[in-house]
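Written out below as structure tokens is the structure these notes cover.
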Amino acid sequence: MRDNVVPYEITHLVRDTCLCLHVQRAARALARRFDEALRPLGITSGQFSLMMSLNRPEPPTIGSVSSLLAMDRTTLTAALKPLERQGLVSVTVDEKDRRGRRLALTPAGQEVLSRAAPIWRAGHHDVEAGLPGDPEALRVALRALA
């Protein structure tokens, strides 16, 4: 047996026990489910989360949103572009720091988000109802990983 070959038993161990793999699979399954539910509104689950993170009394900075969503600024900027093109989000210069940018929902973005929220609520209720155990315990565990 060669030294650089990983035994097949390790493949099974990773398949059966790897938290990263299981979280990634669950995240993709949830994203597909919510993508389908939100499709009639023309947004994805990721765009819904991004738009919801902008739903604040004052327009947040790119830094605060990237921190909340655990995204680097470059990825966030790329994710904002389609929402800007659709007229759902605006990006403006921060008046307090001209180097920074502030993000806000446009009136059209607020309308889409208001229509998306009940879809999310119903889908989220269904997901939680199908979980074994306490959904709050799962949230606590996932927050500990984040």
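Heavy atoms only: backbone and side chains are in, while hydrogens, waters and symmetry mates are out.
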Quiz item: Among side-chain atoms of T61 and S64, is any donor-acceptor pair under 3.5 angstrom?
Solution: yes

Quiz prompt | Distance, nearest 0.5 Å, that separates CZ of R101 from OG of S90 | solution = 12.0 Å

Exercise. Check whether any side-chain N or O of R102 sits under 3.5 Å from a backbone N or O of P59 as a donor-acceptor pair, and report yes or no.
Key: yes

Quiz item: More than 12 non-hydrogen atoms from neighbouring residues, nucleotides or ligands closer than 6.0 Å to CZ on R25, yes or no?
Solution: no

Practice problem: With rounding to the nearest 0.5 Å, note down the distance linking CE in M71 to OG in S66. | Solution: 9.0 Å

Self-check item: Interatomic spacing from CD in E111 to CG in L105 - rounded to 0.5 Å
Solution: 12.0 Å

Quiz item: In the single-linkage hydrophobic clustering (I, L, V, M, F, W, Y; side-chain heavy atoms under 4.5 Å), do L19 and V140 co-cluster?
Solution: no

Quiz item: If you look at every heavy atom in L21 and V14, which pair is closest and at what distance?
Solution: CD2-O, 3.9 Å

Please output the side-chain donor-acceptor pairs of residues 26-46 that fall under 3.5 Å, not counting sequence neighbours, one pair per line with the distance.
residue	atom	partner	partner atom	Å
D35	OD1	S45	N	2.6
D35	OD1	S45	OG	2.9
E36	OE1	R39	NE	3.2
E36	OE1	R39	NH2	2.8
T44	OG1	G46	N	3.4
T44	OG1	Q47	N	3.1

Self-check item: H125 atom NE2, over 12 foreign heavy atoms within 6.0 Å
Solution: no

Quiz item: Would D94 and K96 count as a salt bridge (charged side-chain N to carboxylate O under 4.0 Å, His left out) if you check the C-alpha gap in whole Å, the side-chain angles of each, and the deciding distance to 0.1 Å?
Solution: CA-CA 5 Å; D94 186 344; K96 295 176 186 170; over 6 Å; no

Quiz prompt | From NE2 (H12) to CD1 (I10), nearest 0.5 Å | solution = 11.0 Å

Exercise. Could you state whether V127 and F48 fall into the same hydrophobic cluster, counting links through intermediate Ile, Leu, Val, Met, Phe, Trp or Tyr residues with side-chain heavy atoms under 4.5 angstrom apart?
Key: yes

Self-check item: Co-membership, hydrophobic cluster, residues V93 and L103, 4.5 Å side-chain
Solution: no

Quiz item: CG/L88 to CG/L50 distance, rounded to the nearest 0.5 angstrom?
Solution: 10.5 Å

Self-check item: Contact summary for L69 and S49, nearest pair of heavy atoms
Solution: CD2-O, 4.2 Å

Quiz item: What are the two closest non-hydrogen atoms of V65 and S53, and how far apart are they?
Solution: CG1-OG, 3.5 Å

Quiz item: Do other residues, nucleotides or ligands put more than 12 heavy atoms under 6.0 Å from E58 CD?
Solution: no

Quiz item: CD/Q110 to CG/L54 distance, rounded to the nearest 0.5 angstrom?
Solution: 10.5 Å

Quiz prompt | More than 12 heavy atoms from other groups under 6.0 Å of CZ on R121 | solution = no

Quiz item: Which pair of non-hydrogen atoms, one from S114 and one from P118, has the smallest distance, and what is that distance?
Solution: O-CD, 3.1 Å

Quiz prompt | Steps toward side chain to side chain contact (heavy atoms under 4.5 Å, CB included) verdict (Q86, K81) | solution = CA-CA 9 Å; Q86 288 177 268; K81 294 296 183 195; over 6 Å; no

Practice problem: Please report the shortest heavy-atom distance between G109 and M51, naming the atom on each side. | Solution: O-CE, 3.3 Å

Practice problem: For the pair T17 (side chain) and L13 (backbone), establish whether a donor and an acceptor sit closer than 3.5 Å, ignoring hydrogens and angles. | Solution: yes

